Amino acid sequence: MSLKEKLAEKIEQQRLRTAKLLKEYGDVKVDEVTISQVVGGMRGIKSMVTDISYLDPEEGIRFRGYTIPEVLEKLPKMPGAEMPYVEGQFYLLLTGEIPTEEDVQELAEELKKRKALPEYVKDMLRAMPRDTHPMTLFAAGIVAMQRESKFAEYYEAGHFNKNTAWEPTLEDALDLMAKLPVLGAYIYRMKYRGDTFIPSNPDLDLGGDFANMMGIPKPYDDVARMYFILHADHESGNVSAHTAHLVASALSDVYYSYSAAMGGLAGPLHGLANQEVLKWIQELMKNKSGGKVPTKDELKKFVEETLASGQVIPGYGHAVLRKTDPRYMAQREFALNHLKDDPIFAVVSMLFEVVPPILSSLGKVKNPWPNVDAQSGVIQWHYGVVEYDFYTVLFGIGRALGVLANLVWDRALGYAIERPKSVTTDMLEEWAGIHKQVETVR
Ligand SMILES: CC(=O)SCCNC(=O)CCNC(=O)[C@H](O)C(C)(C)COP(=O)(O)OP(=O)(O)OC[C@H]1O[C@@H](n2cnc3c(N)ncnc32)[C@H](O)[C@@H]1OP(=O)(O)O
Ligand SMILES: O=C([O-])CC(=O)C(=O)O
């Protein structure tokens, strides 16, 4: 059965479940909302639905019900590879099923047909100032390709129908997923390798071809596979996934939605934290420990100085997680096997010991443990990607796997335009009884 046929079958079943919930159980309460949640970034409010992934605060992410070790173990791998095919993760997130080798090959072939980057995108990128941040180039490249959208064409032609809208969305999702690694590598080679481009190799899988286009030898192909698979999704409330969902809820196509999401990923409290971690470690080694691995005391002092200056410790803390991020642990395991003697990995490992007790001692940080961003940059650095402002582009390629799968399902299930209600401070005060208390005092 083709991917599209499989999805059609799954969508049919899922529509029945959603329709029943809405028709018969629409009034069932799922949450209550407090003032601190309304003011505090809607933290913890259960107000979105997705089956692509679920984040448990203690356990971490499950992709379609599978933990990270299960995903890395169960998804098909090419002979000799340490990490599974990225295409397998995309298939799993789209369909909910672990693909066979044949399913993976079919999807890989489908993506290969679609990966050419339009020439006008390259022209546009080359016309932009070279000191433009790579995330700006990446988001601009994505939105520039909006003219390719099959969903936009279908809508424009007056064909919109809730039953079929997922089909052109799937076409767009496949097109965009195929082009993102090419776009990312193009930006890298243009900005940091003096416009020396390496053509895509049609015989390679997504991770292998990305390493090829970046110009980095093995095992960078496995690094790319691991990186994209781990960053694929983090349920729906994180800034990038939520932005894409919100924008797409207005029936904007995946190009508009995903470029908007990249604006959120580019923020230092979200995806850009992986760039910040490496920048911060470089600053520490350059200014505080004479280019060497710092002592524990030097490290503690640097962490305390960072906090005293009002900054956060990048790569630590999380809005939902309350334990060490399993994406951090998976990358740490890889680093223990491949980067054992790397001095920056030594600093990253020392930070894992030094930072949590200091953050805990502040008494306000809900999660003192490292998140994914604390570990990902050092692996890139080790294999020669030392231009840390590029790291969030890598995150953006990986995150598309989950976000695009979600957008296909958003259209398949006909989710409504997102439009939460805002209230005024006066109203909050009134519900809190503050005006009454003031009157009583008078
Ligand atoms: C892929 C990802 O997006 S993972 C997250 C990547 N971001 C980072 O690593 C940046 C550093 N971390 C942070 O800034 C935060 O932990 C966030 C943004 C990830 C989560 O924020 P929140 O959910 O608001 O965290 P939390 O409820 O624990 O915050 C409570 C207080 O602790 C502080 N805090 C949280 N994490 C840290 C940290 N790493 N360093 C210093 N202070 C922190 C918050 O700034 C807040 O202080 P305030 O009350 O003075 O404003
Ligand atoms: O879940 C979040 O809020 C942030 C995060 O770790 C991610 O998006 O990968």
Side-chain angles (χ1 to χ4, degrees), residues 53 60-61 63 68-69 71-73 75 77-78 81-90 92-93 111 134-135 138 177-178 180-185 187-188 192 204-234 238 240-241 262 265-266 270-278 315 325-339 342 344-345 348 370-404:
S53 69
I61 196 68
F63 299 115
I68 286 173
V71 163
L72 296 181
E73 197 247 332
L75 288 180
K77 294 185 182 72
M78 69 165 64
E82 199 178 327
M83 294 292 157
Y85 289 106
V86 178
E87 292 88 339
Q89 173 76 323
F90 197 27
L92 169 66
L93 297 177
L111 294 176
M135 279 304 278
F138 191 59
M177 193 63 242
L180 288 179
V182 189
L183 174 63
I187 291 169
Y188 185 76
Y192 308 109
L204 296 175
D205 66 305
L206 189 151
D209 197 27
F210 182 70
N212 156 59
M213 291 182 288
M214 290 286 284
I216 309 178
K218 278 182 186 299
Y220 193 72
D221 52 347
D222 269 325
V223 169
R225 291 182 193 108
M226 174 178 72
Y227 194 99
F228 297 151
I229 289 171
L230 292 181
H231 288 78
D233 208 32
H234 222 226
N238 70 77
S240 47
M262 292 303 91
L265 195 70
H270 189 24
L272 202 83
N274 64 13
Q275 147 175 351
E276 295 300 289
V277 170
L278 253 283
D325 191 333
R327 298 172 297 178
Y328 175 97
M329 291 312 284
Q331 293 185 97
R332 179 171 164 78
E333 202 173 304
F334 182 90
L336 285 168
N337 285 332
H338 295 272
L339 275 67
D342 186 295
I344 302 179
F345 179 53
V348 167
N371 60 59
V372 64
D373 292 332
Q375 187 65 253
S376 40
V378 61
I379 300 178
Q380 295 299 327
W381 183 283
H382 183 84
Y383 291 105
V385 186
V386 295
E387 302 83 1
Y388 44 68
D389 56 357
F390 185 71
Y391 295 169
T392 315
V393 171
L394 298 169
F395 197 152
I397 298 170
R399 180 50 50 100
L401 296 162
V403 167
L404 295 177

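Keep in mind that what you see is a predicted model, and the values were worked out from it rather than measured.
The nearest pair of heavy atoms linking M226 to A330 is SD-O, 4.4 Å. Across every non-hydrogen atom of M262 and G396, the tightest pair is SD-CA, 3.6 Å. In plain terms, the two heavy atoms of F63 and V71 that are nearest each other are CD1-CG2, 3.9 Å. The nearest pair of heavy atoms linking G207 to A224 is O-CB, 3.9 Å. Annotation for A335 and Q375: closest pair CB-OE1, 4.1 Å, computed over non-hydrogen atoms. L339 approaches H382 most closely through the heavy-atom pair CG-CG, 3.5 Å.
With contacts defined as side-chain heavy-atom distances shorter than 4.5 Å, the pair F390/M214 qualifies. In this structure, the side chains of S240 and H270 come closer than 4.5 Å at one or more pairs of heavy atoms. The closest side-chain heavy-atom distance from Y391 to D373 is not below 4.5 Å. Taking the side chain as every heavy atom from C-beta outward, P84 and L72 approach each other to under 4.5 Å. Within the 4.5 Å cutoff, the side chain of V372 has no heavy atoms near those of the H234 side chain. Side chains of I68 and I61 form a contact here, defined as non-hydrogen atoms less than 4.5 Å apart.
D325 CG to R332 CZ: the interatomic distance, rounded to the nearest 0.5 Å, is 14.0 Å. Here the straight-line distance linking atom CD1 of I397 with atom CG of L183 works out to 7.5 Å at 0.5 Å rounding. Note: L272 CG to M135 CE = 8.0 Å, rounded to the nearest 0.5 Å. Atom-to-atom distance recorded for F138:CZ and L394:CG is 9.0 Å, nearest 0.5 angstrom. Of the inter-residue distances, the one linking Y220 atom OH with I379 atom CD1 reads 10.5 Å to the nearest 0.5 angstrom. A distance of 11.0 Å separates CG of L278 from CG of D389, quoted to the nearest 0.5 Å.
Of the possible polar contacts, one joining the D222 side chain to the E82 backbone as a donor-acceptor pair under 3.5 Å is found. The main-chain N or O of L206 is found under 3.5 Å from a side-chain atom of E87 such that the two form a donor-acceptor pair. Counting only distance, with no hydrogens or angles, the side chain of R225 and the backbone of V86 share no donor-acceptor pair below 3.5 Å. Using a distance-only test at 3.5 Å, with no hydrogens or angles considered, no donor-acceptor pair links the side chain of Q380 to the main chain of V385.
The ring pair (Phe, Tyr, Trp, His ring centres under 6.0 Å) check on F334 picks up H338, with sequence neighbours excluded.
Each of W381, Y192, Y188 was evaluated against E387; a single residue qualifies, Y188, per the side chain to side chain donor-acceptor pair (under 3.5 Å) test.
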